[in-house]
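Supplied in structure tokens, the structure appears directly below.
Read the numbers this way: they start at 1 and go in the same order the structure lists the ligands and their atoms. If you're wondering where the values come from, they're calculated on a predicted model, not measured in any experiment.
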Amino acid sequence: MKIKQVALHEVALPLVSPFRTSVGVQEHRVALLVELRTDDGVTGWGECVAEEDPSYASEYLSGAREVIRRFLLPVLTADPRLSAARAAELMKPVRGHRMAKAAVEMALLDAELRRAGISLAEHLGAVRESVPVGVSVGIMDSLDELITAVDGYLGAGYARIKLKIEPGWDLEPVAAVRETFGSAVALQVDANTAYSPVDLAHLRKLDAFGLTLIEQPFAPDDLETHARLAARIDTPVCLDESITSARDAVTALRQGACSIVNVKPGRVGGYLEARRIHDLCQAAGVPVWCGGMLETGLGRAANLALAALPGFTLPGDISASARYFHRDITDPFVLEGGRLRVPSGPGIGIAPDAAGLAAALVTTDLVPLG
Ligand code: OSB
Ligand code: MG
């Protein structure tokens with residue numbers, strides 16, 4: 001396979017409601033899409049999950065575009081034996097920039113698998129045709145507002161609720177959700193690094209609420225404090241921001257810094273590295289689940305393929321399209337009994353529809369290829 005043409009599209013999709021985490025508020029999802037045409041005449045789509053600002057991770061959208069154009073595409077187009085499986089190795093001379101690499105690898109996988117008539121789910125080793133999914137609930141202005149939102153999601157059938165927390169918005173919202181909806185609701189929390197070592201005793205109070213897990217309370221590079229918390233708390237500790245590769249996952253597990261892993265393909269450099277994390281966690285008996293980055297239908301389709309692997313034993317942050325957008329750029333994903341169907345068509349199994357893409361389009365950048 002050779003890359004013939006690449007267009008980078010920036011799209012902006014208004015969110016149905018603002019999404020607030022401990023690192024900021026988002027009202028729109030601005031995303032970078034990779035449309036890649038190969039010499040065999042197939043088109044592959046990739047989605048870069050980098051956000052506009054480097055606040056969740058160090059990567060950001062316009063930087064990712066620059067890295068893809070200037071550094072990643074040149075090494076890939078120069079290679080006569082290009083394949084999705086070799087892309088990560090070819091891109092290795094470029095340090096870091098995993099979200100940019102993941103987007104390019106996703107487009108290559110989509111193109112290659114479309115040509116072969118194989119779905120990404122089948123290629124990765126999926127064992128399910130649909131997966132139970134959860135919803136990530138942002139920080140709200142009041143407990144009433146939170147209860148109304150959670151009530152709506154539970155009514156829609158979501159299989160579990162994740163509450164975003166930060167100092168000042170933790171024990172009370174969790175207690176309010178437990179009191180209102182009972183102990184049977186699968187409930188977990190995500191701090192996006194908002195706490196510090198002085199908060200260990202405070203976080204232990206979360207043990208009263210029977211949570212499935214607590215996600216990333218401390219800084220990405222602070223495995224030690226995560227390990228100290230894990231040793232003192234009954235609630236399982238899960239890592240998100242700290243895990244940027246399969247090697248990170250091994251290190252974190254060895255150090256006792258987590259007992260559950262949130263797998264986000266963009267954060268770890270692609271779906272193939274994500275599968276490696278799945279494989280090693282499965283071998284070690286460590287549950288994994290698929291995280292989300294407010295993806296468009298493209299990233300959502302690919303995440304569903306990943307979440308259909310056998311070791312993804314907890315519901316992921318892969319909600320229905322309507323939880324995020326009034327109008328997605330693809331056909332919407334619809335909740336059916338708390339589950340989303342795993343796309344079964346070739347490649348990622350979906351592509352943008354022309355009208356949806358046009359409605360969201362900010363800019364298209366045709367990359368000149370050497
Ligand atoms: O920490 O999991 C996170 C969204 C953007 C960046 C980081 C995170 C999130 C979410 C939303 O929690 C997950 C989703 O529904 O896509
Ligand atoms: Mg998270």
For atom 8 (C) of ligand 1, which protein heavy atom lies nearest, and how many Å away is it? Lys264 NZ, 3.4 Å
Answer yes or no: does atom OH of Tyr60 have more than 12 heavy-atom neighbours from other residues, nucleotides or ligands under 6.0 Å?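 No, OH of Tyr60 has 12 or fewer neighbouring heavy atoms, counting only those of other groups under 6.0 Å.
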Look at atom CZ of Arg178 and say whether more than 12 heavy atoms of other residues, nucleotides or ligands are closer to it than 6.0 Å. yes
Quick one: does Asp240 get an N or O within less than 3.5 Å of an N or O on ligand 1?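 Yes - when backbone and side-chain N and O of Asp240 are compared with those of ligand 1, one distance drops under 3.5 Å.
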Heteroatom distance test (Asp190, ligand 1): nitrogen or oxygen, under 3.5 angstrom: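 Asp190 vs ligand 1: N/O contact under 3.5 Å present.
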Nearest-neighbour protein heavy atom for atom 16 (O) of ligand 1, which is reported as residue plus atom name and distance: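 Ranked first by proximity to atom 16 (O) of ligand 1 is Leu294 N, 2.8 Å.
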Does any N, O or S atom in Glu215 come within less than 2.8 Å of the Mg ion (ligand 2)?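 Given the 2.8 Å cut-off, Glu215 counts as a ligand of the Mg ion (ligand 2).
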Would you find more than 12 non-hydrogen atoms of other residues, nucleotides or ligands less than 6.0 Å from Arg20 atom CZ? yes
Asp190 atom (N/O/S) at minimal separation from the Mg ion (ligand 2):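 For Asp190, the N, O or S atom at the smallest distance from the Mg ion (ligand 2) is OD2.
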Using a heavy-atom cut-off of under 4.0 Å, does the side chain or the backbone of Asn192 touch ligand 1, or both, or neither?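 Just the side chain.
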Do Gln26 and ligand 1 have an N or O pair less than 3.5 Å apart? no
Compute the ring centroids of His9 and Trp45, then answer whether they are less than 6.0 Å apart.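 Ring centres of Trp45 and His9 closer than 6.0 Å.
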Which of the numbered atoms in ligand 1 are under 4.0 angstrom from any heavy atom belonging to Glu51? 5 (C), 6 (C)
Please report the interatomic distance CE(Met293) to CG(Asp240), rounded to the nearest 0.5 Å.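 Reported value, rounded in 0.5 Å steps: 8.0 Å.
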Looking only at non-hydrogen atoms, the one of Glu241, Met293, Glu295 nearest atom 6 (C) of ligand 1 is Met293
Consider ligand 1: state whether an atom of it lies below 4.0 angstrom from any non-hydrogen atom of Gln216. no
Compute whether any side-chain donor of one residue and acceptor of the other, for Thr225 and Asp222, lie under 3.5 angstrom apart.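 There is such a pair between these side chains.
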Between the side chains of Asp207 and Thr235, is a donor N or O closer than 3.5 angstrom to an acceptor N or O?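 A donor-acceptor contact under 3.5 Å links the two side chains.
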A quick test of your reading: do over 12 heavy atoms of other residues, nucleotides or ligands sit less than 6.0 Å from CD of Glu129? no
Positive for side-chain contact (heavy atoms from CB on, under 4.5 Å) with Thr77, one of Val6, Ile3, Leu72: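 The single option meeting the side-chain contact (heavy atoms from CB on, under 4.5 Å) with Thr77 is Ile3.
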Quick one: which ligand 1 atoms are inside 4.0 Å of a heavy atom on Glu215?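 Numbered from 1, ligand 1 contributes 2 (O).
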Report the nearest protein non-hydrogen atom to atom 9 (C) of ligand 1: residue, atom name, distance rounded to 0.1 Å.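 Of every protein heavy atom, Gly292 O, 3.5 Å lies nearest to atom 9 (C) of ligand 1.
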Treating Lys101 as the side-chain partner and Gly96 as the backbone partner, does any N or O pair qualify as donor plus acceptor under 3.5 Å? yes
If you have a sec, work out which protein heavy atom is nearest atom 15 (O) of ligand 1 and how many Å separate them, to one decimal?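 It is Tyr324 OH, 2.6 Å.
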May I ask you to check whether over 12 heavy atoms, not counting those of Arg86, lie within 6.0 Å of atom CZ? yes
Nitrogen or oxygen atoms of Arg323 and ligand 1 under 3.5 Å apart: no
For N/O/S atoms only: which one belongs to Asp240 and is nearest the Mg ion (ligand 2)?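 Minimum-distance N/O/S atom of Asp240 relative to the Mg ion (ligand 2) is OD2.
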Looking at ligand 1, would Lys164 count as a contact under a 4.0 Å heavy-atom criterion?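 It does, in that a heavy atom of Lys164 comes within the 4.0 Å cut-off of ligand 1.
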